Participant: 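For reference, the structure I am asking about is given below.
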Amino acid sequence: MPRTRFSRRPTCRAVLTLIAAIVLLAAGTDPLGAASHPLRTQNVILVTVDGMRIQEMFGGMDGDVSKKEKYSGIDDLARARSRFWRPTPAERRLALMPFFWGKLVHQGIILGDKEKGSSVHPRNPLLFSAPGYAEILTGQYQPDVTTNDVKRYPHPTVLEYVHRELKLGKTQVATFGSWDGFKTLSSSQAGAFFTNGGYEKIPAAMATPRMAYLGELQDQIMALWESGRSDAVTFNLALEYLKKYRPRLLYIALGEPDDWAHARRYDRLLDYLHVLDDYLRTLWQTLEASEFYRGRTTLIITTDHGRGVRPDDWVEHDEGIAGSEDIWVAVIGPDTPDLGVLAPYPTVHQADIAATLARFFSLDYRKLNPEAGPPIPAAFGDPPPAPAE
Ligand SMILES: [Zn+2]
C-alpha cells in the first residue's frame with residue numbers, strides 16, 4: 001500500500017477515503033474480502049489430527065469396521081462397545097467425543113459431513129501426511145512434496161506470513177508437533193519462530209519446570225512407533241507454552257490416530273479419540289479462563305487425510321484407497337456462526353485453510369500466494385460462493 005502517496009494532500013486523501021468508504025459499504029466487503037464488520041479474533045490455534053476419518057468424526061464407532069476382530073484388531077469388543085457403541089451415529093459421536101459434540105462444535109461450524117452433503121477434500125492426490133500438511137500450511141498442492149522425509153521445502157507458509165505481516169516476536173508464533181517433520185513443514189526458513197517437534201526438549205532458558213518434566217517424560221513414554229513422541233507430551237507442552245508465552249498463533253500437530261489405525265487397533269483408536277476430546281476440552285477451558293484469549297481466539301481443527309472405508313483397508317490411506325480423500329474441518333470462535341454441522345455446503349478444499357486462517361488476522365494470504373485456495377466463507381458468516389457454471 002503506497003501510504004505516502006497522498007500524505008501532503010489531506011483534502012484529496014479525505015475525499016478518496018470517503019469514496020472508498022461508500023464503495024465498500026455498497027459492496028459490504030473490504031479489499032481483503034473480509035466481512036464489513038471488524039473481526040473479533042486476535043489469536044488463532046490450529047490443531048491437526050493425523051488421519052482421523054470422517055466416519056469416526058461424524059458417526060463415532062464404525063459398526064462395519066468393528067464387526068470382525070480380524071479386521072478391527074479390537075481386543076475386547078464388549079469393552080469397546082460399552083464405551084462407544086450407541087444406537088445412532090449422533091449418539092455414537094457424542095459418546096466418543098462428548099466435549100466436542102456436546103459443546104465445542106455449537107460455537108462454530110464443522111464441514112465434511114459427506115452423508116449430509118458437505119465434502120472437504122485435499123487438492124493433492126497423494127493423500128498421505130506431508131503433502132496434506134504442506135497443503136494446509138501453504139494453501140496449495142505442492143507437487144514436490146512426495147515423501148514423508150523430514151526436510152525443509154522452499155514454500156513459505158501461512159504461519160510465516162502471519163508472523164511477518166503482524167511483526168510478531170519469535171515466541172508469538174509456535175508449532176508443537178509429535179513428529180519431527182512438523183518443524184520443517186511449518187516454515188520455509190529455520191528459526192523464523194518457535195518450533196518444537198519429535199523428541200525435542202524445550203531449551204533450558206525457556207522451559208518452565210513442567211516443560212522440563214515433560215521433556216524427561218517423553219523419553220520414558222513408549223510411543224507406538226519410533227517416528228514420533230506421545231501426543232500427551234506434545235499437547236501438554238503446547239498448553240504450558242500457551243499459558244507462559246501467550247502466542248497469537250499456535251499450531252498443535254497431533255499424530256496418534258494414524259498410528260493406532262496403521263497398527264490395526266480400532267479399540268485403541270477410539271480410546272485415543274476420547275482422549276483427544278479431553279485435550280480439546282482442556283484447551284478450550286484454558287482459553288476461556290484467560291483474559292488474553294477469551295472471546296478473541298479462533299480454533300481451526302482439521303486432518304491431513306482420510307483412510308479406507310472397508311473393514312480390510314480402513315487402516316491404510318494414500319492414492320488409490322477410496323475414502324482417503326474425505327476429510328473435515330472445524331472452525332470455532334467469535335467470528336464464526338454457531339451452526340455446528342454445516343450441510344449441505346459446496347465442497348471446500350484443504351488448500352482453503354491457509355487463507356481462512358490468515359483472514360482471521362484480517363490478512364489476505366493470496367497476496368503471498370496467488371495460487372492458494374480462498375477463505376472458507378462460512379467461517380466468517382458469509383454466504384457460500386455461487387456454484388461454478
Ligand atoms: Zn499414515
Side-chain angles (χ1 to χ4, degrees), residues 46-57 62 65-66 71-74 96 112 120-138 141-151 153 175-186 197-199 222-235 251-273 275-276 279 301-329 349-351 353:
L46 171 67
V47 179
T48 56
V49 187
D50 200 298
M52 180 180 170
R53 305 191 311 163
I54 60 168
Q55 285 76 14
E56 281 72 38
M57 178 49 103
D62 182 327
V65 164
S66 49
Y71 293 126
S72 70
I74 295 177
L96 187 64
V120 184
H121 296 309
R123 292 265 184 209
N124 81 79
L126 302 176
L127 308 173
F128 61 88
S129 289
Y133 294 116
E135 183 171 333
I136 291 168
L137 295 168
T138 71
Y141 164 38
Q142 301 288 359
D144 60 340
V145 182
T146 57
T147 72
N148 278 344
D149 294 350
V150 175
K151 64 181 267 202
Y153 294 92
T175 291
F176 284 81
S178 293
W179 169 53
D180 230 8
F182 289 117
K183 291 162 56 181
T184 43
L185 287 167
S186 282
Y199 287 88
M222 288 284 292
L224 191 59
W225 306 107
E226 58 279 19
S227 55
R229 70 180 166 203
S230 163
D231 283 348
V233 173
T234 300
F235 172 74
Y251 175 29
I252 306 175
L254 303 172
E256 273 176 66
D258 195 61
D259 299 342
W260 290 113
H262 282 302
R264 202 181 283 278
R265 281 299 300 270
Y266 194 65
D267 46 355
R268 299 300 276 161
L269 170 64
L270 297 179
D271 290 341
Y272 172 84
L273 295 177
V275 170
L276 167 71
Y279 293 157
I301 316 169
T302 189
T303 186
D304 54 338
H305 55 75
R307 337 185 61 84
V309 295
R310 300 195 317 251
D312 61 332
D313 75 357
W314 68 273
V315 299
E316 299 296 344
H317 54 88
D318 281 2
E319 203 165 7
I321 295 182
S324 306
E325 71 284 8
D326 290 323
I327 60 170
W328 49 269
V329 57
H349 292 92
Q350 193 167 50
I353 293 169

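Counting from 1, the numbers follow the sequence of the chain as shown. Bear in mind that the values here come from a model prediction, so they are computed numbers and not experimental data. Just so you know, ligand 1 is whichever comes first in the structure, and atom 1 is the first atom listed for that ligand.
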Participant: Kindly indicate, with the supporting measurements, whether the criterion side chain to side chain contact (heavy atoms under 4.5 Å, CB included) is fulfilled by L254 and Y272.
Facilitator: CA-CA 11 Å; L254 303 172; Y272 172 84; 3.7 Å; yes
Participant: For F176, enumerate each residue passing the ring-ring contact (aromatic ring centres under 6.0 Å, His included) test, keeping only those at least two apart in sequence or located in another chain.
Facilitator: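 Per chain and number, F176 pairs via ring-ring contact (aromatic ring centres under 6.0 Å, His included) with F194, Y241.
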Participant: Check side-chain contact (heavy atoms from CB on, under 4.5 Å) between A263 and all other residues, then give those that pass, not counting sequence neighbours.
Facilitator: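 side-chain contact (heavy atoms from CB on, under 4.5 Å) list for A263, sorted by chain: L224, W225.
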Participant: Does a donor on one side chain sit under 3.5 Å from an acceptor on the other, for D231 and Y279?
Facilitator: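 D231 vs Y279: no donor-acceptor pair found between side chains.
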Participant: Could you please tell me which protein N, O or S atoms lie under 2.8 Å from the Zn ion (ligand 1)?
Facilitator: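 For the Zn ion (ligand 1), the protein N, O and S atoms that sit under 2.8 Å away are D258 OD1, D258 OD2, H262 NE2, H317 NE2.
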Participant: Can you pull out every salt bridge (charged side-chain N to carboxylate O under 4.0 Å, His left out) where at least one residue sits in residues 313-325? Sequence neighbours excluded, please.
Facilitator: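 Residue pairs passing salt bridge (charged side-chain N to carboxylate O under 4.0 Å, His left out), neighbours aside: R310-D313.
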Participant: Is a donor from one side chain sitting under 3.5 angstrom from an acceptor on the other, for S186 and Y133?
Facilitator: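 No, Y133 and S186 have no side-chain donor paired with an acceptor closer than 3.5 Å.
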